[in-house]
Amino acid sequence: MLVFKCKNCGGEFEVNTHGELLCPFCHSKQYFTNEQLTGYDEFRDSLLKYLRSLNDAIAEEGDILNYWNYLSTRSFTHKDTGGQIEVLYTFQTTVDGVEVYINREHVIYHFSAADAFKAEAMIRNADSLSYPSADIKNLRQYLPALNARYELSDSSVLVSVAKAENVYPLFVFSNLHPKHVAWMISRMENLCCLFEFNGIDFKHMDEKNLFINPKTHEAFILGGWWDIQRSGGRTCLKELRKTAERITGSRLPEGPDMYRDFLRSEPKADAYEDFAYWDEVIMKGFGGHNFTKFDTE
């Protein structure tokens with residue numbers, strides 16, 4: 001499959017219905033000739049038929065890693081009704097003083113009374129983002145989607161966000177082959193470009209806030225949204241490098257030299273340039289964008 005890169009910002013062009021190559025980040029345009037457009041239409045139709053069948057198969061499959069069979073329970077008391085709220089969870093962690101409970105379809109954040117303001121900031125910040133006009137990838141789906149909010153008897157707050165059952169917290173994985181971590185970096189870089197587009201920086205680009213769907217090679221940032229910087233920065237680019245190196249672990253030597261060099265490099269001036277640098281690692285170090293079935297062996 002051909003990939004067209006924007007010479008202005010390094011982003012990946014998308015094709016709109018007018019046959020234009022449009023960069024979703026800086027809005028630069030290039031154009032197909034009629035002959036090229038005809039060839040693209042034929043290829044696109046074939047590709048869409050294949051993706052539809054693939055997505056149908058993915059949707060029918062459930063917990064592909066069989067992680068949700070073991071559950072613990074914690075009870076909370078609702079402030080107004082006095083009733084009990086039972087939270088079932090398979091994984092539990094703490095992020096920035098916020099308790100996190102993760103089950104098959106939800107991520108539940110428990111904010112103490114002192115941190116209750118973070119609950120409001122979390123949803124407000126995620127909802128305030130703007131998206132490129134040609135946001136074909138629908139980047140909003142990779143951010144928190146509020147499922148429920150409860151005020152508790154001790155003035156603490158529960159916030160639940162929805163997720164698919166094939167979406168797992170990144171912190172449960174370790175010592176992954178670089179070929180698997182590579183697609184995670186690509187997704188993190190893409191989200192950093194979204195932050196750049198909005199003039200913000202996101203410092204919680206780490207295992208406790210990132211979630212992945214190994215089947216579809218998607219990444220989600222569900223936690224840490226109560227703490228973002230309103231000015232552009234490179235913290236997210238630095239953190240994604242640290243996170244990627246940690247989850248690669250002892251298997252770092254199994255990747256190409258360019259992979260190691262990227263992880264230990266200083267980020268470029270902005271997310272667009274950094275994305276272009278990473279894409280060069282993919283093309284020259286990994287031999288291109290090749291979908292590889294996920295495994296933890």
Side-chain angles (χ1 to χ4, degrees), residues 1-3 11-15 24 43-69 90-91 102-107 126 129 131-132 134-145 147 161-195 202 205-223 236 240 243-244 247-248 275 278-279 281-283 286-297:
M1 182 176 179
L2 294 177
V3 176
E12 185 174 322
F13 276 119
E14 297 169 345
V15 182
F43 172 78
R44 180 187 60 185
D45 290 342
S46 298
L47 180 62
L48 289 176
K49 289 178 181 178
Y50 168 74
L51 290 177
R52 278 194 293 270
S53 64
L54 179 63
N55 288 334
D56 288 343
I58 290 171
E60 292 173 0
E61 295 185 26
D63 178 18
I64 61 172
L65 299 182
N66 297 315
Y67 279 3
W68 307 120
N69 295 327
T90 298
F91 302 108
I102 305 163
N103 62 36
R104 183 183 298 267
E105 297 178 337
H106 304 94
V107 184
L129 294 186
Y131 298 87
D135 183 21
I136 296 175
K137 295 182 180 180
N138 189 19
L139 294 174
R140 182 65 183 86
Q141 67 182 309
Y142 305 118
L143 309 183
N147 179 260
V161 300
K163 72 169 189 64
E165 62 179 333
N166 276 346
V167 173
Y168 307 92
L170 187 55
F171 67 74
V172 304
F173 304 101
S174 61
N175 291 321
L176 295 178
H177 194 284
K179 66 185 178 182
H180 298 311
V181 184
W183 64 257
M184 299 176 196
I185 295 175
S186 295
R187 303 298 168 256
M188 287 188 277
E189 284 277 347
N190 190 242
L191 289 166
C192 284
C193 286
L194 177 63
F195 302 149
F202 189 91
M205 188 72 73
D206 55 52
E207 298 95 320
K208 290 188 175 183
N209 296 293
L210 285 160
F211 291 71
I212 61 169
N213 186 331
K215 189 71 174 180
T216 60
H217 285 192
E218 294 173 307
F220 306 76
I221 300 180
L222 301 184
C236 64
L240 75 83
T243 299
I247 62 176
T248 306
F275 183 91
W278 170 246
D279 200 58
V281 176
I282 288 289
M283 300 306 294
F286 288 93
H289 298 270
N290 302 307
F291 191 98
T292 304
K293 184 178 180 180
F294 183 83
D295 67 67
T296 57
E297 300 299 327

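Bear in mind that the values here come from a model prediction, so they are computed numbers and not experimental data.
Residues that satisfy the side-chain hydrogen bond (donor to acceptor under 3.5 Å, both in side chains) test with Trp183, not counting sequence neighbours, are His217.
Residues Leu240 and Trp278 have side chains not in contact (no heavy-atom distance under 4.5 Å, counting atoms from C-beta outward). Between His289 and Asp279 there is a side-chain heavy-atom pair separated by less than 4.5 Å. For the pair Asn190/Tyr142, no side-chain contact is recorded, criterion being any heavy-atom separation below 4.5 Å from C-beta on. Using a 4.5 Å heavy-atom threshold, the side chains of Phe173 and Ile247 count as separate. Looking at Phe195 and Ile221, their side chains come closer than 4.5 Å, going by heavy atoms from C-beta outward. At a threshold of 4.5 Å between non-hydrogen side-chain atoms, the residues Asp206 and Phe171 do not count as touching. Proximity of Arg187 to Leu210: side-chain heavy atoms (C-beta onward) are nowhere separated by under 4.5 Å.
Of all heavy-atom pairs spanning His106 and Ala162, the tightest one is CD2-CA, 4.4 Å. Across Pro169 and Trp68, no two heavy atoms sit closer than the pair CD-CH2, 4.2 Å. The nearest pair of heavy atoms linking Tyr168 to Pro214 is CD1-CD, 3.7 Å. Here the shortest heavy-atom pairing between Asn209 and Gly223 reads OD1-C, 3.0 Å.
Here Asn213 contributes atom CG and Glu165 contributes atom CD; the two are 10.0 Å apart, rounded to the nearest 0.5 Å. Rounded to the nearest 0.5 Å, atoms CG (Leu191) and CZ (Phe202) are 9.5 Å apart. Taking OG1 of Thr243 as the start and CE of Met184 as the end, the distance is 11.5 Å to the nearest 0.5 Å. Within the model, atoms CG of Leu143 and CG of Leu222 stand 8.0 Å from one another, a figure rounded to the nearest 0.5 Å.
For the pair Lys163 (side chain) and Ala145 (backbone), a donor-acceptor distance under 3.5 Å is absent. Between the Glu189 side chain and the Phe275 main chain, a donor and an acceptor come within less than 3.5 Å of each other.
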Take Asn69 and Arg104 through the side-chain contact (heavy atoms from CB on, under 4.5 Å) test and state the conclusion after the steps.
-> CA-CA 9 Å; Asn69 295 327; Arg104 183 183 298 267; 4.0 Å; yes
